[in-house]
Amino acid sequence: MTTSFLLIVQIILVVILVIAVLLQKSSSIGLGAYSGSNESVFGAKGPNSFLAKATFIIGFLFVSNTIALGYLYSSSVQTSVVDNMIESTDVVAPTATTPIAAPTKNETPAVK
């Protein structure tokens, strides 16, 4: 249950992180050109410092969530699937009491 919740949070963090990175202005403007004049919403310095802080916080949450997921998955799986396999066969191995005769030079092996 916990790992399922953290996995959903991980996917949401990835989407938010991608959006936050794409909205930042780069040297070639990128998708930051579509932000328009939102300086009043983000403050006097504009969206750059706000988006940089938001990207750092979301990135930190993403890394923390990844470490938590890795720890939970590794601690929950202590046995392998191969350990639970039951091997059953109906083949009986020959014993020393029942010798198998080798074909002689003149005999050909029987083909079924």
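Keep in mind that what you see is a predicted model, and the values were worked out from it rather than measured. Below, each value reflects all heavy atoms present in this structure, side chains not excepted, and no hydrogens, waters or symmetry copies.
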Checklist line | CD1 on I58 to CD1 on I19, rounded to 0.5 Å | finding: 9.0 Å
Check: In Å and rounded to the nearest 0.5 Å, what is the OG to CG distance from S64 to L69?
Finding: 11.0 Å
Notebook entry, point to check: Can you list the residues that meet the side-chain contact (heavy atoms from CB on, under 4.5 Å) rule with V9, with sequence neighbours excluded?
Noted result: F5, L13, N65
Margin query: For T66, give me all partners under side-chain contact (heavy atoms from CB on, under 4.5 Å), at least two apart in sequence or on another chain.
Written below: Q10, F62
Notebook entry, point to check: Same cluster for L17 and I8 if Ile/Leu/Val/Met/Phe/Trp/Tyr side chains link at under 4.5 Å?
Noted result: yes
Next item on the list: Evaluate the side-chain contact (heavy atoms from CB on, under 4.5 Å) criterion for residues L6 and Y73: first the C-alpha distance (whole Å), next the side-chain angles of each, then the deciding distance (0.1 Å), finally the verdict.
Entry: CA-CA 11 Å; L6 287 178; Y73 275 125; over 6 Å; no
Next item on the list: Using the side chain to side chain donor-acceptor pair (under 3.5 Å) rule, collect all pairs that involve residues 11-20, keeping only residues at least two apart or in two chains.
Entry: none
Next item on the list: Find out whether F50 and T55 are in side-chain contact, i.e. whether some heavy atom of one side chain is under 4.5 Å from a heavy atom of the other.
Entry: no
Check: Cluster question for you: counting only ILVMFWY and a side-chain heavy-atom cut-off of under 4.5 Å, with indirect links fine, are I11 and L22 together?
Finding: no
